[in-house]
Peer 1: 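Sending over a structure as structure tokens; questions will come in a sec.
FYI, the numbering just counts along the sequence from 1.
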Amino acid sequence: MSFIPLIRDNFILFVLIISLLVFVHEYGHYWVGVKCGIKAEVFSIGFGREIWGWTSPKTGTRWRLSILPLGGYVKFLGDANASGAGAPDDKLSAEERKRAFHTQPLAAREAVVAADPAANLIFAVIVLAIMNLVHGQPYTQPQVVVIEADGAAARFGMRTGDTILSIGGRSVDSFEDIITVAQLNPGVPLTYTVARDGKTISGTVTPVARDYVDRFKNTHRLGDLGVASVNALPVVGRVAPDSAAERAGIRPGDRVIEIAGQAIEHFGHIPLIIRTRPDMPTPIRLERDGRMIDIVATPGRIESTDADGKPKVEGRLGFTNGAVSIVRRLGPVDSTTSAVAQVWYMSGTIYTVIKQIVLGLRPASEIGGPIRIAKTTGEVAQLGWPAIIMFVVGLSVTLGVFNLVPMPMLDGGHLLLYAIEWLRGEPLSARAQDMGFRIGFAAVVSLMAFATWNDITDLAQRWFLAP
């Protein structure tokens, strides 16, 4: 699917997701502000001209949808502008000053500002907790199969059958944990601990930095250990009825030891050999219930065409690998606890990626803006609702964490100013705050311009290089 239709066909979903996250973000601001007795004059989803609005008779707040759906804001009484960073308005009456934002105690202002990112993080926890409770947590045991003889794991001392207990300072509960840590740290040395033959062995491994292209032609720099899960073990899963494998007597649970005299280390070896032997009697050695069994199978003949349209013939036995993934069922408490841990780790991951970009371990082209978010929305929409929900969770965490960066214009910058005010006993001068606001504004605009440039560059490459 080309780039432009991908955005066009999913524009409504993109706007809905952005609007939902903006509402969550700003509602934290609004809810805490109202609880503190502050008057919220405007609650806007989007910027610019109002296209729909409603004024609450109870609070006097103007709820509005605006024409540019790429953000939003809450304007409290006394704010000089929608960002809340303006100077106090001395024209307020005595009664209005009691409900203005800038006249509130320091603790109340800090709570209102902190509620923005907190709302996004809490929202992510709630969604993940519900998913954990309803669907459980699928996982694979943290045992590795070394599939690359010259890969990072093999070179740094890992062996097939090792159960990884920790890697990169993180305790491991599943194979998915191992891959997550490795992919996040391309070219970064990681300490690890494994259980092997009743012993605990420690070492250091450096995931190889590789650029991967996914099904949507996106490039990602990831760390690769050269390992797979126990699902890659050469164990037979389902045997197709009336297949060459069934006729030869191969059964589910058999472990393939050799094919045509070649040792089989992992499941991926099997199709590489079998494809080259259509209609050829092939000796196979199996392990079944602790016994070695020798059989002869004749792979079926499968005719197809290659990527260039040329005819080709391959052999096929007709069985799959034995999947051993497990679904961990969680109660309400464990679901919530696990969700908190997931959001905590995702938050740390964002800062890790930022640090790696600054250090040059990741290309700065990975920074994306609205166009890339719209494109990714279209991509995850093709994968179904679970992928869409996880995408929303990821964006919510990113929005919350990014806003905690101590930069003027962002919530973290306001919290920094309040911390300085608490230490000094008085706020910085209006001139100093204005200077900080200008610097923060320039930094945020520059970052957005850079992200948009990356998006446009990516768009141009796809447009002109598309077949």
Side-chain angles (χ1 to χ4, degrees), residues 135-149 151 153-154 158-165 172-180 182 194-201 225-302 304 314-330:
H135 299 290
Q137 287 184 332
Y139 74 99
T140 310
Q141 57 182 300
Q143 194 175 45
V144 298
V145 177
V146 177
I147 60 174
E148 294 182 11
M158 289 187 185
R159 300 179 187 174
T160 294
D162 284 351
T163 297
I164 298 186
L165 305 176
V172 167
D173 295 319
S174 66
F175 181 80
E176 290 75 18
D177 291 341
I178 300 168
I179 295 303
T180 298
V194 302
R196 179 191 303 161
D197 300 328
K199 300 178 182 179
T200 300
I201 301 171
L225 289 175
V227 300
S229 73
V230 290
N231 288 337
L233 290 172
V235 177
V236 178
R238 178 180 178 273
V239 178
D242 197 32
S243 63
E246 185 181 63
R247 290 191 294 270
I250 296 175
R251 301 177 186 175
D254 287 349
R255 180 163 181 159
V256 182
I257 305 300
E258 289 183 0
I259 297 180
Q262 299 184 53
I264 303 300
E265 299 292 337
H266 59 86
F267 196 88
H269 283 162
I270 299 174
L272 293 178
I273 299 173
I274 295 300
R275 284 172 187 161
T276 65
R277 302 180 66 86
D279 297 329
M280 297 173 60
T282 303
I284 300 176
R285 172 164 288 186
L286 304 171
E287 180 184 346
R288 179 183 298 163
D289 299 327
R291 297 180 296 113
M292 292 298 173
I293 299 174
D294 292 310
I295 66 171
V296 176
T298 303
R301 181 184 182 88
I302 304 298
S304 60
E314 295 181 333
R316 185 171 300 172
L317 285 175
F319 64 82
T320 62
N321 65 314
V324 291
S325 291
I326 306 166
V327 176
R328 182 189 292 118
R329 294 298 176 184
L330 303 175

Peer 1: To the nearest 0.5 Å, tell me how far Asp289 CG sits from Asp254 CG.
Peer 2: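 Interatomic distance, Asp289 CG to Asp254 CG, rounded to 0.5 Å: 8.0 Å.
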Peer 1: Out of the candidates Asp173, Leu330, Val327, only one should pair with Gln137 under the side chain to side chain contact (heavy atoms under 4.5 Å, CB included) rule; please name it.
Peer 2: Leu330
Peer 1: Does any non-hydrogen side-chain atom of Ile259 lie less than 4.5 Å from one of Ile270?
Peer 2: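 When only atoms from C-beta onward are counted, Ile259 and Ile270 do touch, with a gap below 4.5 Å.
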Peer 1: Measure across Gly237 and Pro252 and return the closest heavy-atom pair with its distance rounded to 0.1 Å.
Peer 2: O-CB, 3.1 Å
Peer 1: Report yes if some heavy atom in the side chain of Val194 is under 4.5 Å from a heavy atom in the side chain of Thr200; otherwise report no.
Peer 2: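 They are not in side-chain contact.
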Peer 1: Would you give the length of the straight line joining atom OG1 of Thr163 to atom CD of Gln141, rounded to the nearest 0.5 angstrom?
Peer 2: 6.5 Å
Peer 1: Can you tell me how far the OG1 atom of Thr282 sits from the CD atom of Glu258, to the nearest 0.5 Å?
Peer 2: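 These two atoms lie 13.5 Å from each other.
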Peer 1: If the condition is side-chain hydrogen bond (donor to acceptor under 3.5 Å, both in side chains), which residues does Asn321 pass it with, not counting sequence neighbours?
Peer 2: none
Peer 1: Return the CD1 to CD1 distance between Ile284 and Ile274, rounded to the nearest 0.5 Å.
Peer 2: 5.0 Å
Peer 1: Would you say Arg159 has more than 12 foreign heavy atoms packed within less than 6.0 Å of its CZ?
Peer 2: no
Peer 1: Here's one to test your reading of the geometry: is the NZ or CZ of Arg328 within 45 degrees of the ring axis of Tyr139 and under 6.0 Å from its centre?
Peer 2: yes
Peer 1: At their closest point, which heavy atom of Ala244 faces which heavy atom of Thr298, and how far apart are they?
Peer 2: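 Scanning both residues, the minimum pair turns out to be CB-O, 3.2 Å.
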Peer 1: Tell me, do Val236 and Val256 make a side-chain contact under 4.5 Å, heavy atoms counted?
Peer 2: yes
Peer 1: So how far is it from Phe175 CZ to Thr180 OG1, rounded to the nearest 0.5 Å?
Peer 2: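 Phe175 atom CZ to Thr180 atom OG1 measures 10.0 Å (nearest 0.5 Å).
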Peer 1: Taking all atoms of both residues into account, what is the closest heavy-atom pair of Val296 and Pro281, and its distance?
Peer 2: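 Closest approach of Val296 to Pro281: CG1-CB, 3.9 Å.
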Peer 1: Once you round to the nearest 0.5 Å, how far does CZ of Arg316 lie from CZ of Arg275?
Peer 2: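 Output value for this atom pair is 8.5 Å.
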Peer 1: Given side chains that start at C-beta, do those of Val144 and Ser229 come closer than 4.5 Å, heavy atoms only?
Peer 2: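 A side-chain contact under 4.5 Å is absent here.
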Peer 1: What do you reckon, is CG of Asp294 surrounded by more than 12 foreign heavy atoms closer than 6.0 Å?
Peer 2: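 Yes.
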Peer 1: Between Gln143 and Gly161, what is the shortest heavy-atom contact and its length?
Peer 2: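 Shortest heavy-atom separation between Gln143 and Gly161 comes out as NE2-O, 3.1 Å.
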Peer 1: How close do Gly136 and Arg329 get, heavy atom to heavy atom, and via which atoms?
Peer 2: N-NH1, 3.7 Å
Peer 1: Take Glu265 and Thr160 through the side chain to side chain donor-acceptor pair (under 3.5 Å) test and state the conclusion after the steps.
Peer 2: CA-CA 9 Å; Glu265 299 292 337; Thr160 294; 5.4 Å; no
Peer 1: Does the Ser243 side chain pair with the main chain of Pro241, one donor and one acceptor, at a distance under 3.5 Å?
Peer 2: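 Side chain of Ser243 to backbone of Pro241: no pair is present.
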Peer 1: State which residues pass salt bridge (charged side-chain N to carboxylate O under 4.0 Å, His left out) with Glu246; sequence neighbours excluded, sorted by chain then number.
Peer 2: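 Here no residue qualifies.
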Peer 1: Report yes if the side chains of Leu165 and Val172 come closer than 4.5 Å at any heavy-atom pair, otherwise no.
Peer 2: no
Peer 1: The test is side-chain contact (heavy atoms from CB on, under 4.5 Å); show your working for Ile257 and Met292 and say whether it passes.
Peer 2: CA-CA 9 Å; Ile257 305 300; Met292 292 298 173; 4.1 Å; yes
Peer 1: Check whether any side-chain N or O of Ser174 sits under 3.5 Å from a backbone N or O of Thr140 as a donor-acceptor pair, and report yes or no.
Peer 2: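 Between the backbone of Thr140 and the side chain of Ser174 there is no qualifying donor-acceptor contact (under 3.5 Å).
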Peer 1: Does some side-chain heavy atom of Ile250 sit less than 4.5 Å from a side-chain heavy atom of Leu286?
Peer 2: yes
Peer 1: How would you list, by chain and number, every residue that makes a salt bridge (charged side-chain N to carboxylate O under 4.0 Å, His left out) with Arg255, sequence neighbours excluded?
Peer 2: none
Peer 1: For residues Arg196 and Met158, report the shortest heavy-atom separation together with the two atoms involved.
Peer 2: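 In this case the closest contact between Arg196 and Met158 is NH2-CA, 4.1 Å.
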Peer 1: Please list all pairs meeting ring-ring contact (aromatic ring centres under 6.0 Å, His included) that have one or both residues in residues 236-266, counting only residues at least two apart or in different chains.
Peer 2: His266-His269
Peer 1: So, using salt bridge (charged side-chain N to carboxylate O under 4.0 Å, His left out) as the criterion, who are the partners of Arg247 when residues are at least two apart?
Peer 2: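 Result, salt bridge (charged side-chain N to carboxylate O under 4.0 Å, His left out) vs Arg247: Asp242.
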Peer 1: Which residues pass the salt bridge (charged side-chain N to carboxylate O under 4.0 Å, His left out) test with Arg277, not counting sequence neighbours?
Peer 2: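 For Arg277 there are no salt bridge (charged side-chain N to carboxylate O under 4.0 Å, His left out) partners, ignoring immediate neighbours.
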